[in-house]
4 protein chains.
Amino acid sequence: MVSTIIDRGSKRQHLVEAAAAVFAEQGFTSTRVADIAERAGIGKGTVYEYFTSKEELLFAVFEWIDSRVSTRVEAVLAEEISGHEKLLRLLQLGADVVTEQVEMQPVILDFWAASRGNLLEDRHREVCTSSYRFFRKVITDFIHDGQRRGDFRPEVDAEALAATVVSTFDGLGVQLFFDRSLDPHRITEAFGRLLIEGLTAETS
Amino acid sequence: MVSTIIDRGSKRQHLVEAAAAVFAEQGFTSTRVADIAERAGIGKGTVYEYFTSKEELLFAVFEWIDSRVSTRVEAVLAEEISGHEKLLRLLQLGADVVTEQVEMQPVILDFWAASRGNLLEDRHREVCTSSYRFFRKVITDFIHDGQRRGDFRPEVDAEALAATVVSTFDGLGVQLFFDRSLDPHRITEAFGRLLIEGLTAETS
Amino acid sequence: MVSTIIDRGSKRQHLVEAAAAVFAEQGFTSTRVADIAERAGIGKGTVYEYFTSKEELLFAVFEWIDSRVSTRVEAVLAEEISGHEKLLRLLQLGADVVTEQVEMQPVILDFWAASRGNLLEDRHREVCTSSYRFFRKVITDFIHDGQRRGDFRPEVDAEALAATVVSTFDGLGVQLFFDRSLDPHRITEAFGRLLIEGLTAETS
Amino acid sequence: MVSTIIDRGSKRQHLVEAAAAVFAEQGFTSTRVADIAERAGIGKGTVYEYFTSKEELLFAVFEWIDSRVSTRVEAVLAEEISGHEKLLRLLQLGADVVTEQVEMQPVILDFWAASRGNLLEDRHREVCTSSYRFFRKVITDFIHDGQRRGDFRPEVDAEALAATVVSTFDGLGVQLFFDRSLDPHRITEAFGRLLIEGLTAETS
DNA sequence: GATGAATGAGAATTCATTCAT
DNA sequence: CATGAATGAATTCTCATTCAT
């Protein structure tokens with residue numbers, strides 16, 4: 001009936017995106033399930049045909065956001081370019097994501113915060129942890145690769161550096177959310193310069 | 001009644017600390033004002049003699065946490081040591097704070113998250129923004145000082161780097177909260193090496 | 001689809017029995033129409049092809065239970081045995097029914113209880129009343145017959161005694177439902193002794 | 001403030017009686033907690049200061065009804081009259097209670113029915129069972145006493161008869177609720193005649 | 001100042017019922 | 001006929017806040 005929604009499988013995703021939009025605007029707590037339903041153009045009860053709870057919807061939204069980033073990161077990693085080039089591209093991607101996602105940032109903050117005083121506390125922690133692990137692993141592997149190829153200094157602590165990179169972009173997202181006067185690309189460039197210098201083998 | 005509380009003025013602070021503890025344990029949303037009152041050893045109604053709302057208490061807690069860090073940072077900056085030494089001390093402080101504050105991290109997440117769908121939205125943003133500005137300014141000034149003294153490379157983008165540093169520690173706090181297997185000192189060391197190398201003038 | 005259901009007309013009955021089983025297990029309020037449909041092996045919407053509402057189903061179940069008892073009572077009454085013998089058989093039947101129907105008792109309790117705060121309140125009362133009247137009439141007639149034949153004392157208040165008998169078995173059903181340690185046959189025997197002694201003409 | 005409610009301790013009882021009235025009128029399911037609060041002249045939330053749930057209120061109401069009957073029964077038992085006289089008084093009391101309590105009957109039906117599909121199922125059963133046990137015990141003891149004194153026939157099955165008596169009055173309450181044309185005193189008289197004749201020692 | 005009893009706004013969730021297929 | 005996706009009415013309970021004592 002509603003022309004936008006056609007296929008079955010996509011209804012759930014439609015709902016996830018509606019929820020993401022409303023969560024982003026109003027915050028998780030202030031969002032009523034009815035708001036999401038309205039935004040999605042469906043009845044309040046229908047939400048529960050797809051998700052068992054409002055919280056479950058928050059998980060779905062977080063995972064959706066997270067997976068979109070993962071996909072983009074993996075796309076960059078799959079490109080056939082030099083390690084140095086790839087590093088630049090990854091930094092660029094980080095800055096882009098942080099910039100594009102400012103509006104989604106509050107959803108992430110909500111997801112982080114929702115991990116306390118909640119029956120699903122463990123699941124929250126698990127989801128966050130595994131997301132972090134994924135990004136750290138990707139970067140760690142990337143650095144190890146470069147070290148193997150001789151592009152990167154062998155003495156660098158790949159894992160620690162990976163954690164640093166993840167932290168930086170995470171923190172940048174938060175900071176940017178609160179202060180839009182910041183220029184994420186400029187900041188990323190400064191950070192990138194540090195990274196490249198610190199990573200690149202001297203004799204390269 | 002409770003012997004610990006003697007002077008009037010300290011009652012407010014007593015309440016802030018009680019609130020901080022409960023918020024940290026249960027999360028802001030799951031915390032009832034009664035829980036805080038109980039923890040503080042006072043009556044539920046008395047809380048409203050000191051704070052106009054539960055939210056106001058969250059602000060106070062955040063500001064308390066924030067100020068404790070500021071104080072420590074300023075203490076380091078006031079030390080009479082070389083710029084290089086100071087940088088090391090600041091990094092050390094960052095790692096220490098992040099480590100010591102893991103249990104308080106959820107309160108920060110709550111404060112961040114509470115900035116949406118809220119009448120006090122603007123004030124949240126303001127408090128966060130000004131906290132960030134403070135830390136960035138401190139670091140920016142520190143770098144500028146170093147540059148003036150010739151300790152640090154003149155071409156370095158001090159402001160962007162300051163934002164990076166703040167981001168990194170902010171993000172590290174979050175990451176550590178979810179994954180305690182991380183070693184913040186090791187990560188900070190890796191980050192610090194990058195920073196020092198990137199900052200330090202080559203043949204100073 | 002389900003092989004058990006062949007003829008059309010029996011589907012309704014199939015549904016009644018499925019509903020009876022589920023109502024008995026979970027109680028009327030806790031039973032969802034979907035549960036009944038599932039138990040009957042049909043789709044949720046199909047229930048409404050046979051009954052206009054969940055409540056209507058409760059009526060059907062009650063009437064089904066009620067009619068099964070009526071049938072058995074009438075069968076005993078039709079037997080060609082002496083009044084005294086018949087009395088014994090009726091008492092036996094009462095004890096049997098109460099025993100066999102313990103599991104169905106909650107459905108009866110539900111039906112009774114559902115008679116308040118309900119649009120069908122009057123219909124509930126009517127159904128219950130007429131069921132009671134039927135059983136009372138059967139017993140009243142039976143006593144009158146015995147009195148006419150000179151088997152039973154003429155001064156006995158047949159109607160009042162009939163009400164007593166119905167009450168006793170009704171109450172026994174309830175009591176047994178809550179306390180399975182009771183022995184309905186032993187109780188019925190004690191009650192029967194009272195009845196027989198009270199009814200039987202002294203020197204008939 | 002509300003003049004009717006003065007002392008603390010009576011507030012709970014005030015609430016129980018308000019609930020009883022509303023439950024009786026509308027039935028448990030159709031009663032909203034707000035209805036009870038309104039009837040009691042208090043705020044909706046205040047109900048939860050005294051009872052943890054609507055169901056808990058039903059328990060309280062049942063126990064209140066139950067205890068009022070117990071009290072009256074015990075009063076009769078305490079009277080210094082002959083066994084025969086006491087039996088008559090007990091029967092009279094039964095008829096009175098059943099008559100006076102017709103309007104409360106639906107609450108009892110609700111309580112019985114609520115014992116299914118409920119987390120408190122066991123507690124329901126327990127309360128009912130113990131109520132029944134109390135009344136059976138009272139009557140059993142009474143019969144035993146009479147037997148000891150030689151007033152009642154020694155071969156009578158006291159326990160079974162006690163169960164019968166309880167059943168009869170229970171069932172009478174239900175029957176009367178649905179059919180007000182019944183005369184409980186007349187029915188009780190018929191039942192009483194049976195009982196007395198069956199109990200009383202022949203040579204008395 | 002301190003207190004806690006009283007309050008009612010507010011929201012998630014359930015589920016009987018409908019109806020397009 | 002049969003179905004189950006969609007719906008929204010309806011209600012319990014929570015808890016921040018107030019205010020009389």
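Within every chain, numbering begins at 1; the chains are lettered A, B, ... in the order of the sequence lines, protein sequences first and strands thereafter.
- Here the side chain of C:K11 is nearest to one of F:dA6, F:dA2, F:dT17, namely F:dA2.
- One finds no salt bridge joining C:R68 and C:E63 here, because no Lys/Arg side-chain nitrogen approaches an Asp/Glu carboxylate oxygen to under 4.0 Å.
- B:S53 is linked by a side-chain contact (heavy atoms from CB on, under 4.5 Å) to B:E55, B:E56, counting only residues two or more places apart in sequence or in another chain.
- Ranking F:dT12, E:dA5, F:dA6 by closeness to the A:T46 side chain, first place goes to F:dA6.
- Between the CD1 atom of A:I42 and the P atom of E:dT13 there is a distance of 15 Å, rounded to whole Å.
- At whole-Å resolution of the value, CG in A:L15 and P in F:dA5 are 15 Å apart.
- Look at CZ on C:F28: it is 15 Å from C1' on E:dT14, rounded to the nearest Å.
- In this structure, CG of A:L119 is placed 16 Å from P of E:dA12, rounded to the nearest angstrom.
- Using a cut-off of 4.0 Å between Lys/Arg side-chain N and Asp/Glu carboxylate O, C:D35 and C:R32 are scored as salt-bridged.
- To the nearest angstrom, P of E:dA12 lies 15 Å from CZ of A:F51.
- Residue A:Y48 places its side chain closer to E:dT13 than to any other of F:dA6, E:dA6, E:dT13.
- Relative to the side chain of D:K44, the nucleotides E:dT3, E:dA9, F:dT12 differ in distance, and E:dA9 lies closest.
- Atom pair B:R32:CZ and F:dC15:P shows a separation of 5 Å (rounding to whole Å applied).
- In this structure, D:K11 is not positioned above the aromatic face of D:Y50 in the sense of NZ or CZ being under 6.0 Å from the six-membered ring centre and within 45° of the axis.
- Within the cation-pi definition used here (under 6.0 Å to the ring centroid, within 45° of the axis), A:K54 does not qualify as a partner of A:Y48.
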- Task: Could you walk me through whether D:F177 and C:R125 pass side-chain contact (heavy atoms from CB on, under 4.5 Å), step by step?
- Result: CA-CA 9 Å; D:F177 171 66; C:R125 172 163 260 129; 3.8 Å; yes
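- Overall, the helix from E:dA2-F:dT21 to E:dT21-F:dA2 carries an axis bend of 0° between its ends, with five pairs at each end and the value rounded to 10°.
- A salt bridge does not link D:R12 to D:E17: none of the charged side-chain nitrogens sits closer than 4.0 Å to a carboxylate oxygen.
- Looking at heavy-atom distances under 4.0 Å, B:S30 makes no contact with the nucleic acid at all.
- Across the protein-nucleic acid pair, A:E38 atom CD and F:dT7 atom C1' stand 15 Å apart, rounded to whole Å.
- At whole-Å resolution of the value, CG in B:D35 and C1' in F:dA16 are 12 Å apart.
- If you look at D:F51 and D:F59, their ring centroids are not closer than 6.0 Å.
- Residue C:T29 is out of contact with every strand shown, counting any heavy-atom pair closer than 4.0 Å.
- When each of C:V47 and B:E55 is assigned the nucleotide of DNA chain F with its nearest heavy atom, C:V47 is the one assigned upstream, toward the 5' end.
- Using a 4.0 Å heavy-atom distance criterion, D:T52 is classed as making no nucleic acid contact.
- Contact check, C:Y50 against F:dA2: a side-chain N or O comes under 4.0 Å of OP1 or OP2.
- Among the atoms of the strands shown, base atoms are found under 4.0 Å from some heavy atom of B:G45.
- The residue among A:G43 and C:G43 whose nearest nucleotide of DNA chain F lies closer to the 5′ end is C:G43.
- Within the 4.0 angstrom heavy-atom criterion, only backbone atoms of the sugar-phosphate kind lie near B:K54; the bases stay farther away.
- Taking the nucleotide of DNA chain E with the nearest heavy atom to each of C:A34 and D:E49, the more 5' of the two is matched to D:E49.
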